[in-house]
Engineer: 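My questions all concern the structure below.
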2 protein chains.
Amino acid sequence: MPHKQPPGRPIPDIVVGRLPFYLRTLRSLAAEGLEITSSSELGDRLGLTSAQIRKDLSYFGEFGKQGLGYNISFLIVQLRRILKVDRIWEVVLVGAGDLGRAIANYHGFHDRGFEIRFVFDSDPAKVRQSLSQYTIQDIASLVEKVRAAKIRVAMLAVPAAAAQNVSDLLVEAGVQAILNYAPTSLVVPKGVYVQNIDPGAHMQRMTFYLEA
Amino acid sequence: MPHKQPPGRPIPDIVVGRLPFYLRTLRSLAAEGLEITSSSELGDRLGLTSAQIRKDLSYFGEFGKQGLGYNISFLIVQLRRILKVDRIWEVVLVGAGDLGRAIANYHGFHDRGFEIRFVFDSDPAKVRQSLSQYTIQDIASLVEKVRAAKIRVAMLAVPAAAAQNVSDLLVEAGVQAILNYAPTSLVVPKGVYVQNIDPGAHMQRMTFYLEA
DNA sequence: CACCAATTGAGAAATGTATCACAATTGAAG
DNA sequence: CTTCAATTGTGATACATTTCTCAATTGGTG
């Protein structure tokens, strides 16, 4: 039973977006000591229907056993491979303000496939200071160092006004994926992926539903 | 020309989710000194089609002028009203670790309709310490204080293992909207809205598209 | 005042996504 | 060895969202 690995059908991006949550939930089930789960158990935990989970997984192969369900550790291996986090990606963090500090101190990324390699800031008062295990480096040296280290993934935690300029530097340095914490839209060339984190937008999305 | 304010059609949630980005972009246009914009200018800035922006706005009323476009400050007022951020919502923040500290020090929420009123933590070493302008309070007093202050919105910045317990407390205290920074799914009763922030999931969504 | 370029709002059509429903399979129980 | 309950994977269907298209409107120009 061959795994349809190089997907014939194009994978909807919305499906890709759910896979990290499947992986997260599976790891939590594994941590609880379970070995087997089912699409309905996953669905219950995630607030999705079992059919959706089965259909999503079916884009990538046949990972379950009829009558039995899914082997948790096997499915974890498959999802890590599919998401390409069966390795560690070196990441550059730009911005050493409060948010950058929280990111640098947060150790939850490693488990998910990411390791911060460099931290940059433009503030001369911060450059050469240490932050967690890192020494903050001058943003003037970003392009050179990031390119030399072949780093392809970045986290952007600078003020909105600086974000586009820094993004341009990252792209120039060869970065292909940017997690943008600044509340502004970035313009990047094709082939560069951006994901935006905007807590304020999430908040406003919720207040819409609250009665006055 | 009456504004269809109490929407006859139900509004798709995905449309609601885009409105905060429209508002954010409009404020940025206003800050640049512009007074008028068009659906295509907004679309260019946001990476969306002009048709989608017009259709989204049309769920709520007729805000533009044919041939001319949209009056920026008028549309800002309308969107703030629609999203119910034409006021300030008091927010409770739970968790005074690195992330909680970054949130408490971040002043960008106020402009978007939110003001932190209380900060809670369960760590006795942190309780009664100050954080930004706040005094960290014991989580044991959360239900009482949040209920008394009639706070309806929360930000949850505690470790994943504690998140569900804290969420239960928030719900008990009458909170109806929770921004969950913990990488775990929360179970809440109907009528309580949750938005999840999971940077690790965004990262994994991007690596899917990177070539090995 | 007639014409024109720009632009909206919205019905219709096209596309995308989620759910349904069920044959096929599995392992367990009798 | 047969039966059964559980569960997958997927084609068909239903539903949701986006895009297309264009009549209507606007303010500016000659």
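Order of the sequence lines sets the chain letters (A, B, ...), proteins ahead of strands, with each chain counted from 1. Bear in mind that the values here come from a model prediction, so they are computed numbers and not experimental data.
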Engineer: How many whole angstroms separate atom OH of A/Y70 from atom C1' of C/dT26?
Structural biologist: 14 Å
Engineer: Tell me the interatomic distance from A/N71, atom CG, to D/dT8, atom P, rounded to whole angstroms.
Structural biologist: 13 Å
Engineer: Please give, in whole Å, the distance from D/dG11 P to A/E62 CD?
Structural biologist: 11 Å
Engineer: Are B/D198 and B/R205 close enough for a salt bridge, meaning some N to O gap below 4.0 Å?
Structural biologist: no
Engineer: B/Y106: which residues meet the ring pair (Phe, Tyr, Trp, His ring centres under 6.0 Å) condition with it, sequence neighbours left out?
Structural biologist: B/F109
Engineer: Rounded off to whole Å, could you give me the CZ-to-P distance for the A/F60 and D/dG9 pair?
Structural biologist: 13 Å
Engineer: When you compare the side chain of A/Q133 with that of A/V119, does any pair of heavy atoms fall below 4.5 Å?
Structural biologist: no
Engineer: Shorter than 3.5 Å, N or O on both sides, protein versus nucleotides 28-30 of chain D: list them out with atom names.
Structural biologist:
none

Engineer: Just to verify, what does B/T184 make a side-chain hydrogen bond (donor to acceptor under 3.5 Å, both in side chains) with, not counting sequence neighbours?
Structural biologist: none
Engineer: Please list, for nucleotides 1-4 of chain D, all pairs of protein and nucleotide N/O atoms separated by less than 3.5 Å.
Structural biologist:
none

Engineer: Which residues satisfy the side-chain hydrogen bond (donor to acceptor under 3.5 Å, both in side chains) test with B/Y209, sequence neighbours excluded?
Structural biologist: A/D13
Engineer: Return yes if a side-chain donor-acceptor contact under 3.5 Å exists between B/N165 and B/S167, otherwise no.
Structural biologist: no
Engineer: Going by heavy atoms closer than 4.0 Å, what residues in residues 30-46 of chain A are next to DNA chain D?
Structural biologist: A/S38, A/S39
Engineer: Suppose the criterion is salt bridge (charged side-chain N to carboxylate O under 4.0 Å, His left out): which pairs have a residue in residues 38-52 of chain B, not counting sequence neighbours?
Structural biologist: B/E32-B/R45
Engineer: Of all the nucleotides listed (D/dT25, D/dG27, D/dG9), which has the minimum atom distance to the side chain of B/Q66?
Structural biologist: D/dT25
Engineer: To the nearest Å, how far apart are B/Q78 CD and C/dG9 C1'?
Structural biologist: 16 Å
Engineer: Suppose the criterion is ring-ring contact (aromatic ring centres under 6.0 Å, His included): which pairs have a residue in residues 30-49 of chain B, not counting sequence neighbours?
Structural biologist: none
Engineer: Could you list the donor-acceptor pairs under 3.5 angstrom formed by side chains in residues 149-157 of chain A, with sequence neighbours left out?
Structural biologist:
from: A/R152; atom 1: NE; to: A/Q176; atom 2: OE1; distance (Å): 2.6
from: A/R152; atom 1: NH1; to: B/E211; atom 2: O; distance (Å): 3.2
from: A/R152; atom 1: NH2; to: A/Q176; atom 2: OE1; distance (Å): 3.1
from: A/R152; atom 1: NH2; to: B/E211; atom 2: O; distance (Å): 2.9

Engineer: I would like to know whether A/D56 and A/R18 meet salt bridge (Lys or Arg N to Asp or Glu O under 4.0 Å); could you show each step before the answer?
Structural biologist: CA-CA 8 Å; A/D56 283 355; A/R18 282 190 292 261; 2.6 Å; yes
Engineer: Hey, what are the protein-to-nucleotides 16-20 of chain D N/O distances that come in under 3.5 Å?
Structural biologist:
from: D/dT18; atom 1: OP1; to: B/R18; atom 2: NH1; distance (Å): 2.9
from: D/dT18; atom 1: OP1; to: B/Q52; atom 2: NE2; distance (Å): 3.2
from: D/dT18; atom 1: OP2; to: B/R18; atom 2: NH1; distance (Å): 3.4
from: D/dT18; atom 1: OP2; to: B/R18; atom 2: NH2; distance (Å): 2.7
from: D/dT18; atom 1: OP2; to: B/Q52; atom 2: NE2; distance (Å): 3.1
from: D/dT18; atom 1: O5'; to: B/Q52; atom 2: NE2; distance (Å): 3.0
from: D/dT19; atom 1: OP2; to: B/T49; atom 2: OG1; distance (Å): 3.0

Engineer: Hey, does the Lys NZ or Arg CZ of B/K84 hover above the aromatic six-ring of A/F208, less than 6.0 Å from the centre and inside 45° of the axis?
Structural biologist: yes
Engineer: Nearest whole Å is fine: how far is C/dT17 C1' from A/L19 CG?
Structural biologist: 15 Å
Engineer: Rounded to whole Å, how long is the line connecting atom CG of A/L57 with atom P of D/dG9?
Structural biologist: 7 Å
Engineer: Quick one: side-chain hydrogen bond (donor to acceptor under 3.5 Å, both in side chains) partners of A/D111, sequence neighbours excluded?
Structural biologist: A/R27
Engineer: Tell me: NZ of B/K65 to P of C/dT7, nearest whole Å?
Structural biologist: 14 Å
Engineer: Has A/K65 got more than 12 heavy atoms of other residues, nucleotides or ligands less than 6.0 Å from its NZ?
Structural biologist: no
Engineer: What residues, two or more places apart in sequence or in another chain, satisfy side-chain hydrogen bond (donor to acceptor under 3.5 Å, both in side chains) together with A/R80?
Structural biologist: none
